[in-house]
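All remarks here apply to the structure that follows.
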Amino acid sequence: MNKTTNPPRTDPPATQGEAGLEEARLRQQAIGVKLRHLFDEVVNEPVPDEFLEILRRADEKSSRGSGT
């Protein structure tokens, strides 16, 4: 029985700079995921009643000021 062996890899080893770039990309990706998660949480928070009241009063003033 003839056993074949895999030829040695000819790919050049990753340089220190390439490894650093890959690490930076992974770090940026993780930061992006966390920022998107945080943004989604903020967007889904309910608007406080006090803020809605301020907006309602501003709309009333604006309607009276425009003469409609």
Side-chain angles (χ1 to χ4, degrees):
M1 197 181 322
N2 221 352
K3 190 173 187 177
T4 57
T5 59
N6 293 333
R9 289 184 58 112
T10 57
D11 297 340
T15 64
Q16 187 73 9
E18 290 173 352
L21 285 175
E22 182 63 22
E23 183 179 334
R25 283 189 200 106
L26 290 173
R27 196 174 317 127
Q28 288 176 346
Q29 184 179 17
I31 291 170
V33 167
K34 288 180 182 183
L35 284 173
R36 280 189 292 277
H37 179 72
L38 179 62
F39 178 80
D40 288 342
E41 284 181 358
V42 171
V43 166
N44 291 321
E45 286 181 6
V47 177
D49 292 335
E50 296 86 7
F51 189 69
L52 291 173
E53 180 62 25
I54 291 169
L55 291 174
R56 186 188 60 74
R57 284 187 275 159
D59 283 343
E60 286 176 358
K61 285 182 183 179
S62 138
S63 295
R64 281 187 259 135
S66 66
T68 56

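All residue numbers in this chain count up from 1 along the given sequence.
- With a 6.0 Å radius and a threshold of 12 heavy atoms from other residues, nucleotides or ligands, Q29 has its CD atom at or below the threshold.
- Nearest approach of N44 to D40, heavy atoms of both residues: ND2-O, 2.9 Å.
- With salt bridges taken as basic N to acidic carboxylate O contacts below 4.0 Å, one links E22 and R25.
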After noting the C-alpha distance and the side-chain angles of L26 and E23, does the key distance pass the side chain to side chain contact (heavy atoms under 4.5 Å, CB included) rule? CA-CA 5 Å; L26 290 173; E23 183 179 334; 5.7 Å; no
